[in-house]
Amino acid sequence: MLESMFRGIFDAETASVISVADFLLCVGCSLVIGLILAAMYMYRTRYTKSFVATLALLPAVVCVVIMMVNGNVGTGVAVAGAFSLVRFRSVPGTAKEIGVLFLAMGAGLIAGMGYLGFAFLFALILSAASMVYSRLDFGLKKAERYKTLHITIPEDLNYTDVFDEIFQKYAAVWELIQVKTTNMGSMFRLTYHLTMRQADQEKEMIDQLRCRNGNLEISVSRQESEASEL
């Protein structure tokens with residue numbers, strides 16, 4: 001009686017039905033995996049309540065979908081198309097957010113196929129690796145050297161190569177990416193992308209730039225990726 005309640009109305013009589021116990025076991029394991037992944041993401045990361053709550057539920061959602069597909073190729077293609085629509089209905093996130101979403105979907109897929117041990121092992125190994133990378137600030141040292149420089153100069157100063165001598169001393173790579181008039185056209189505002197030779201030489205470089213531009217406004221900020229951090 002219980003199995004007939006959970007049989008699909010379009011299933012053939014010979015079709016195998018997932019038992020309620022197996023279903024609850026897979027979903028329960030997926031929820032635990034989701035909590036592990038959510039805890040991993042919250043470690044040394046700025047997050048929102050809605051994102052971590054969704055992340056905790058995502059493995060269970062994918063697990064149930066995979067169990068319902070159960071080898072049906074046509075249904076699998078339809079599910080893949082439905083998941084792809086989510087990308088166009090959401091705001092693009094950071095690389096870490098997208099990466100952890102793929103991780104959660106992968107863990108849910110493994111659990112939905114019935115390999116619960118592998119699902120836990122997969123989630124634990126990748127969570128541990130992510131936490132270690134965060135603890136070690138993996139990639140931060142290089143990223144700190146990427147700067148965006150905004151500098152204001154008077155209109156009678158030729159900006160073509162006026163700062164090249166200073167940049168050669170403090171920057172490994174520099175590029176003028178924007179020139180904008182300001183203050184009713186009496187000044188230029190230049191924007192450079194720099195790769196500093198050493199991050200701790202920033203103030204020394206600014207002091208020399210101030211002498212060259214007549215002590216007008218200068219601002220330095222961390223360079224943002226043009227591809228929204230991807």
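This chain uses plain numbering: 1 for the first residue, then up along the sequence.
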Next on the checklist: Counting C-beta onward and ignoring hydrogens, is there a side-chain heavy-atom pair between R189 and S219 closer than 4.5 Å?
Outcome noted: yes
Item to check | Over all atoms of both residues, closest heavy-atom pair of V62 and G108 | outcome: CG1-C, 3.9 Å
Checklist outcome for this item: So CZ of R222 and CZ of R145: to nearest 0.5 Å the spacing works out to 15.5 Å
Item to check | A104 versus L55, closest heavy-atom pair with distance | outcome: CB-CD1, 3.7 Å
Checklist entry - Under a 4.5 Å side-chain heavy-atom rule over Ile, Leu, Val, Met, Phe, Trp and Tyr, are V173 and I166 clustered together? => result no
Checklist outcome for this item: Here the pair of heavy atoms bringing A56 nearest to P59 is O-CD, 3.9 Å
Checklist entry - Do you know the tightest heavy-atom contact between I66 and G112? => result CG2-C, 3.8 Å
Checklist entry - According to the interplanar angle, ranging from 0 to 90°, do the rings of Y159 and F188 count as parallel (below 30°), tilted (30 to 60°) or perpendicular (above 60°)? => result perpendicular
Next on the checklist: Is there a side-chain contact between F51 and V100 in this structure, where contact means two heavy atoms from C-beta onward sitting under 4.5 Å apart?
Outcome noted: yes
Next on the checklist: For the CE atom on M131, are there more than 12 heavy atoms of other groups (residues, nucleotides or ligands in this structure) within a distance under 6.0 Å?
Outcome noted: yes
Checklist entry - Hey, does the side chain of S134 reach the backbone of S130 with a donor-acceptor pair shorter than 3.5 angstrom? => result yes
Side-chain donor/acceptor pairs under 3.5 Å, residues 206-213, sequence neighbours excluded:
unit_1 : atom_1 : unit_2 : atom_2 : d
D207   : OD1    : R210   : NH1    : 3.4
D207   : OD2    : K203   : NZ     : 3.0
Q208   : NE2    : Y170   : OH     : 2.6
R210   : NE     : N215   : OD1    : 2.9
R210   : NH2    : N215   : OD1    : 3.3
R212   : NH1    : V162   : O      : 2.6
N213   : OD1    : N215   : N      : 3.2
N213   : ND2    : T152   : O      : 2.8
N213   : ND2    : L216   : O      : 3.3

Item to check | Pairwise side-chain contact, E204 with K169, heavy-atom cut-off 4.5 Å (strictly under) | outcome: yes
Checklist entry - Between H193 and W174, is a side chain to side chain contact (heavy atoms under 4.5 Å, CB included) present by the stated rule, with each step listed? => result CA-CA 6 Å; H193 279 176; W174 65 92; over 6 Å; no
Checklist entry - According to a 4.5 Å side-chain heavy-atom criterion applied to Ile, Leu, Val, Met, Phe, Trp and Tyr, with indirect links allowed, do L157 and L149 form part of one hydrophobic cluster? => result yes
Checklist entry - Shared ILVMFWY cluster between L176 and I151, side chains joined below 4.5 angstrom? => result yes
Next on the checklist: Within this structure, what is the CZ-OG distance for the pair F120 and S30, rounded to the nearest 0.5 Å?
Outcome noted: 8.0 Å
Item to check | Spatial distance of atom CZ (F102) from atom CG (L58) [nearest 0.5 Å] | outcome: 10.5 Å
Next on the checklist: Could you see if L35 belongs to whatever hydrophobic cluster contains V32? Use Ile, Leu, Val, Met, Phe, Trp, Tyr and a side-chain cutoff under 4.5 Å.
Outcome noted: no
Next on the checklist: Please check this pair: side chain of Q223 against backbone of K147, looking for a donor-acceptor N/O pair closer than 3.5 Å.
Outcome noted: yes
Checklist entry - Do Q178 and Y192 have side chains that get closer than 4.5 Å, going by heavy atoms? => result no
Checklist entry - Any side-chain heavy atom of L194 sitting closer than 4.5 Å to one from Y146? => result no
Next on the checklist: Could you measure the distance from the CD1 atom of I177 to the OG1 atom of T148? Nearest 0.5 Å is fine.
Outcome noted: 6.0 Å
Item to check | Whether S186 side chain and N183 backbone form a donor-acceptor pair below 3.5 Å | outcome: yes
Item to check | Plane angle bin for F163 and F167 - parallel if under 30°, tilted between 30 and 60°, otherwise perpendicular | outcome: tilted
Checklist entry - Should E217 and M187 be marked as a side chain to side chain contact (heavy atoms under 4.5 Å, CB included) after you check the CA-CA gap, both sets of side-chain angles, and the distance that decides it? => result CA-CA 11 Å; E217 180 182 358; M187 296 179 184; over 6 Å; no
Checklist entry - What's the shortest heavy-atom distance between V27 and C63, and which atoms? => result N-SG, 4.4 Å
Checklist entry - Only one of L190, I153, T191 forms a side chain to side chain contact (heavy atoms under 4.5 Å, CB included) with V179, so which one is it? => result L190
Checklist entry - Should Y43 and R135 count as side-chain neighbours, where that means a heavy-atom distance under 4.5 Å? => result yes
Checklist entry - Under a 4.5 Å cut-off applied to non-hydrogen side-chain atoms, are E97 and Y47 in contact? => result no
Checklist entry - Are L121 and M105 in one and the same hydrophobic cluster, where Ile, Leu, Val, Met, Phe, Trp and Tyr link if side-chain heavy atoms are under 4.5 Å apart? => result yes
Item to check | For the student: nearest non-hydrogen atoms of L116 and C29, plus distance | outcome: CD1-SG, 3.8 Å
